[in-house]
J.: 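Got a structure here, written out as structure tokens. Questions coming.
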Amino acid sequence: MTKRSATTPTPLRRTAGLLAGLTLGVAVLAGCSSDGADTDCGLDACTVTFDRGVDARASILGVEAKLIGAQGDQVTVEVAGEQLSLTIGQQATEVGGFAVTLDSVTDQQVQIRVSRNAGS
């Protein structure tokens with residue numbers, strides 16, 4: 001009589017686990033796209049680096065983020081359809097269930113961080 005160990009996954013379970021992992025990976029990667037911007041995303045937050053002087057936008061975490069303009073250390077971005085004015089060092093601005101902060105501003109790039117609010 002052969003006894004099967006409860007800790008050894010069956011081939012069907014192994015395949016289902018592999019497919020679930022691949023689906024999650026594809027969903028995370030497919031969740032970000034950009035034009036004139038670079039994105040670095042995790043499950044609940046993204047850092048977006050916009051190129052200045054172009055129509056820069058990124059689709060992240062199910063919303064669009066767009067660079068409207070920058071002057072000195074103040075930047076205007078649009079996130080989830082709402083325009084925000086951000087300065088370096090200010091507390092996160094909340095919009096549509098997200099917290100948005102300005103990380104850096106240079107002559108060539110603007111970097112923001114967009115994260116899901118814990119309560120959303």
J.: Could you state whether I112 and V54 fall into the same hydrophobic cluster, counting links through intermediate Ile, Leu, Val, Met, Phe, Trp or Tyr residues with side-chain heavy atoms under 4.5 angstrom apart?
T.: no
J.: Considering all heavy atoms of both residues, which atom of V105 and which atom of G72 are nearest to each other, and what is their separation?
T.: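 That would be CG1-O, 3.5 Å.
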J.: Quick one: closest heavy-atom pair of A56 and G36, and the distance?
T.: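 Smallest heavy-atom distance, with atoms named: CB-O, 3.2 Å.
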J.: Tell me, which pairs form a salt bridge (charged side-chain N to carboxylate O under 4.0 Å, His left out) where one or both residues lie in residues 43-52, sequence neighbours left out?
T.: D44-R116
J.: Determine which pairs satisfy salt bridge (charged side-chain N to carboxylate O under 4.0 Å, His left out) with at least one residue from residues 58-69, sequence neighbours left out, and list them in order.
T.: R57-E64
J.: Judged by atom type as modelled, is there a donor-acceptor pair below 3.5 Å linking the side chain of T87 to the main-chain atoms of Q90?
T.: no
J.: CD/Q111 to CG/D38 distance, rounded to the nearest 0.5 angstrom?
T.: 9.5 Å
J.: Give, for atom OG1 of T101 and atom CD of Q91, the distance between the pair rounded to the nearest 0.5 Å.
T.: 11.0 Å
J.: What pair of heavy atoms forms the shortest contact from A65 to F50, and how long is it?
T.: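 Heavy atoms only, the tightest pair is O-CE2, 3.7 Å.
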J.: I need the minimum non-hydrogen distance between A58 and T39, along with the two atoms involved.
T.: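 For A58 and T39, the tightest heavy-atom pair comes out as CB-CG2, 3.8 Å.
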J.: Are any of the side-chain heavy atoms of L61 and C46 separated by less than 4.5 Å?
T.: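 In short, these two side chains touch, coming nearer than 4.5 Å.
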J.: Can you tell me which residue among L86, D103, L67 is in a side chain to side chain contact (heavy atoms under 4.5 Å, CB included) with V110?
T.: L67
J.: Which residue, I60, T47, V48, forms the side chain to side chain contact (heavy atoms under 4.5 Å, CB included) with C41?
T.: I60
J.: Can you tell me which residue pairs pass the salt bridge (charged side-chain N to carboxylate O under 4.0 Å, His left out) test with a partner in residues 71-95, sequence neighbours excluded?
T.: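 Qualifying pairs: none.
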J.: Can you hop from F98 to I68 via hydrophobic side chains spaced under 4.5 Å?
T.: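 No; tracing contacts between hydrophobic side chains, which count when under 4.5 Å, never links both residues.
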